[in-house]
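The structure appears below as C-alpha cells.
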Amino acid sequence: MTRLRILVTGGAGFVGAHLCRRLLAQGHDVICLDNFFTSQKSAVAEFVGNPNFELIRHDITHPIWLEVDQCYNLACPASPVHYWHNPIKTIKTSVLGAINVLGMAKRTNARVLQASTSEVYGDPAISPQPESYHGDVNPIGVRSCYDEGKRCAEALFFDYHRAHNVDIRVVRIFNTYGPGMHPYDGRVVSNFILQALAGEDIEVHGDGSQTRSFCYVDDLVRGLMAMMNGPAGFVGPVNLGNPSELSMVQLAEEIIRRTNSKSKLRFTPARSDDPHQRCPDITLAKSKLAWEPTISLAEGLDKTIDYFAKLDLSLYKHPTQRV
Ligand code: NAD
Ligand code: UDP
C-alpha cells in the first residue's frame, strides 16, 4: 500500500472522526484540521500519540499551506440548529473553505473531495433524487446559508476542475447517523434517541409526515473512500445515502420501540423550508463505485442507541445555545 498524506478538514466532527480512524487503520498519514465549532478534542483523543496523526486547530475560512496527496473537505456545521447560529459564517465556511482547499489542491496536485449534501436538492419536486435533478432551493430562506453555500462550493469545485484541471470528487451526502454523534448535535436521530432514553416527550416538528433516508456512518465512510479512490475521471457529483425512506413519526415510533421507552410524541411548529421528502437515487454510486449501504436502520439504530445509553453527557458542551 502507498502511504498517502491525507488532510481531513472538519476531521474532529462526526463523520470526520470516523474517516480519520479508517484512514489511520489503513496506515495513511492523516492531518485532521478543525476549529472545533461543532466538535471537541475528545472526539479525536484516541488518535493523539499515533505517529501518523496530526491535529491542527485552524479555521478553514483562512488559507493554510500544507503538502498533501488527498483532501477530504468536511469542515462545515451540518446540523440546522448549529448552521443557523451564524449563517454568514456558515456560507463563508462553505465558500471560502472550498476556495482554500481548491487552491491548496491546485498548488500541490492533490485530489480533493467535497462533502456536499442532499440539501442541494432543496425541497425536491421529484423522489428519489438523481444527481441530474437541479433542485428546488429557496435562495433567501433560512436554510439557504447551508444549501446555497454548498451549491456554490460545488460550482467552485467544477470551475477549478474545468479551468485548472484540479482533481476533484464531489459527493452528495444524505442524512447520516451513528455512534460518535455529538449528543448536542441537534439533528433528529440524536435528539429522538436522547429524549427516548430519558423518557421525555419526543419533539416532532410539524405533523411529522416529512421523510428522510438515514445512512449508517460506516456505510457512508466506505462510500467517501470509494469515491476518493474511484475510477479515473469519475468526478461526480454522486449521491451517497441509504434509500430506505421513512417519515419522522415513523422514526420516532421506531426509536420508542427499540429503546422500550414510555416517551410520547409532542408536535411543535414546522420549521421554515423543511424539505418534505428526501430519498437518494443511488444508481450511479452502485454502477460507478460498486457501493451501496449494507446496514439496516434497525441494526444502525441499535448500535447508536447503545452508544448514547453509555455516554457521559457531562463531558459535552453545547456547541451553540440551546434552541
Ligand atoms: P459535524 O458538525 O459533526 O462536523 C463538522 C466539523 O467541521 C466539526 O468538527 C466542526 O467543528 C468543523 N468545522 C465547522 N466549521 C469549520 C471551520 N470554519 N473551519 C474548520 N472546521 C470547521 O458534521 P458532520 O455530520 O460530521 O458533517 C461533515 C460534513 O458532511 C459537513 O460538510 C456536512 O455538511 C456534510 N454532510 C453531512 C451529513 C450528515 O448527515 N452527517 C449530510 C450531508 C452532508
Ligand atoms: N426534526 C424533528 N425533531 C427534532 C429535530 C429534527 O422533528 O428534534 C425534524 C426536522 O424538522 C426535519 C427532520 O427531522 O424534518 C430532519 O432534521 P435534521 O435537523 O436532522 O436534518 P435535516 O435533514 O432537516 O437537515
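One-based numbering, in listed order, for ligands and for the atoms of each. Everything numeric here is computed off the predicted structure, so don't read it as measured data.
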Checking the N or O distance criterion of under 3.5 Å, is ligand 1 in contact with T117? no
What's the shortest distance from atom 21 (O) of ligand 2 to any protein heavy atom, and which residue and atom give it? N175 ND2, 3.8 Å
Are any of the N or O atoms of I60 closer than 3.5 Å to those of ligand 1? yes
May I ask you to identify the nearest protein heavy atom to atom 26 (O) of ligand 1, giving residue, atom name and distance to one decimal place in Å? V15 N, 2.8 Å
Could you tell me, atom by atom, which parts of ligand 1 come under 4.0 Å of a heavy atom of S39? 8 (C), 9 (O), 11 (O)
Pull out every atom of ligand 1 sitting under 4.0 Å from any heavy atom of H58, numbered as shown with elements. 19 (N), 20 (C)
Ion pair E154/R151, N-O distance below 4.0 Å: no
Proximal atoms of ligand 2 relative to V204 (non-hydrogen, under 4.0 Å): 7 (O)
How many angstroms lie between atom NE2 of H182 and atom NE2 of H82, to the nearest 0.5 angstrom? 7.0 Å
Can you pull out the closest protein heavy atom to atom 23 (O) of ligand 1? Residue, atom name and distance to 0.1 Å, please. A78 CB, 3.5 Å
Non-hydrogen atoms of S79 versus ligand 2: any pair closer than 4.0 Å? no
re atom 11 (O) of ligand 2, the protein heavy-atom contact at minimum distance is D274 OD2, 2.4 Å
Close-contact set for ligand 2 against N191 heavy atoms, below 4.0 Å: 4 (C), 5 (C), 8 (O)
So, regarding V188 and ligand 2 (criterion: nitrogen or oxygen to nitrogen or oxygen, under 3.5 Å), is there a contact or not? yes
One should read off an interatomic distance between L246 CG and F214 CZ, to the nearest 0.5 angstrom, of 6.5 Å
For atom 10 (C) of ligand 1, what's the nearest protein heavy-atom neighbour? Residue, atom name and distance, please. T38 OG1, 3.2 Å
Just checking, any donor-acceptor pair under 3.5 angstrom between side chains of D185 and T38? no
Is F192 near ligand 2, meaning one of its heavy atoms is under 4.0 Å from it? yes
Taking both backbone and side-chain atoms of T176, is any N or O found less than 3.5 Å from an N or O belonging to ligand 1? yes
Give the residue and atom name of whichever protein heavy atom lies nearest to atom 3 (O) of ligand 1, and the separation in Å to one decimal. F14 N, 2.9 Å
Atoms in ligand 1 with a heavy atom of P77 nearer than 4.0 Å: 14 (C), 15 (N)
Enter the distance from T294:OG1 to D218:CG here, rounded to the nearest 0.5 Å. 8.0 Å
Quick one: does D34 get an N or O within less than 3.5 Å of an N or O on ligand 1? yes
for atom 34 (O) of ligand 1, nearest protein heavy atom and its distance come out as Y146 OH, 2.6 Å
Can an N or O of Y83 be found at a distance shorter than 3.5 Å from an N or O of ligand 2? no
Any side-chain to backbone donor/acceptor pair from R107 onto L66? Under 3.5 Å, distance only. yes
Distance under 4.0 Å to a non-hydrogen atom of R187: what atoms of ligand 1 satisfy this? 23 (O), 24 (P), 25 (O), 38 (C), 39 (C), 40 (O), 41 (N)
Taking the six-membered ring for Trp, are the ring centroids of H18 and F14 within less than 6.0 Å of each other? yes
So, 4.0 Å and heavy atoms of G97: is ligand 1 close enough to count as a contact? no
Closer than 4.0 Å to some heavy atom of M248 - which atoms of ligand 2 meet that? 13 (C), 14 (O)
Shortest non-hydrogen contact from P237 to L284? O-CD2, 3.6 Å
Nearest non-hydrogen protein atom, atom 5 (C) of ligand 1: C76 O, 3.3 Å
How far is atom 24 (O) of ligand 2 from the closest protein heavy atom, and which atom is that? R143 NH2, 2.9 Å
Proximal atoms of ligand 1 relative to F36 (non-hydrogen, under 4.0 Å): 11 (O)
Against heavy atoms of K150, which atoms of ligand 1 measure under 4.0 Å? 31 (C), 32 (O), 33 (C), 34 (O)
Smallest separation among heavy atoms of W84 and V142, with atom names: NE1-O, 2.8 Å
Between E254 and Q250, is there a side-chain heavy-atom distance shorter than 4.5 Å? no
With side chain to side chain donor-acceptor pair (under 3.5 Å) as the test, pick out the partner of Y121 among R172, Q129, Q277. R172
Protein heavy-atom partner closest to atom 43 (C) of ligand 1 - residue, atom, separation in Å: I173 O, 3.1 Å
Pick, from Q210, R212, Q277, the option with the minimum heavy-atom distance to atom 23 (O) of ligand 2. R212
Counting each atom of ligand 1 from 1 as listed, which ones have a heavy atom of F37 under 4.0 Å away? 11 (O)
For T61 and ligand 1, does the shortest N/O to N/O distance drop below 3.5 Å? no
Any idea which heavy atoms bring N229 and R111 closest together, and the distance? CA-NH1, 4.1 Å
among protein heavy atoms, the one nearest atom 31 (C) of ligand 1 is L74 O, 3.2 Å
Evaluate D59 for polar contact with ligand 1, using N/O atom pairs at a separation under 3.5 Å. yes
Please write down residue, atom name and distance for the protein heavy atom closest to atom 2 (C) of ligand 2. H205 ND1, 3.3 Å
So for ligand 1, is L33 a polar contact partner (N or O within less than 3.5 Å, distance only)? no
Of F192, Y216, Y307, F308, the residue whose pairing with Y177 passes ring-ring contact (aromatic ring centres under 6.0 Å, His included): Y216
Using a 3.5 Å distance criterion without hydrogens, assess whether the side chain of D136 forms a donor-acceptor pair with backbone atoms of G122. no
Within 4.0 Å of some non-hydrogen atom of N175, the atoms of ligand 1 are 40 (O)
Quick check: is L19 connected to I168 through a chain of hydrophobic side chains (ILVMFWY, heavy atoms under 4.5 Å apart)? no
Is E203 in polar range of ligand 2, meaning some N or O pair under 3.5 Å apart? yes
Quick test: of every protein heavy atom, which one is nearest to atom 19 (O) of ligand 2, and how far off is it to 0.1 Å? R271 NH1, 3.2 Å
Between I295 and N242, what is the shortest heavy-atom contact and its length? O-ND2, 3.5 Å
If we only count N/O pairs under 3.5 Å, is A75 in contact with ligand 1? no
Ligand 1 N/O within reach of N35 N/O, cut-off under 3.5 Å: yes
Is ligand 1 less than 4.0 angstrom away from at least one heavy atom of Y177? no
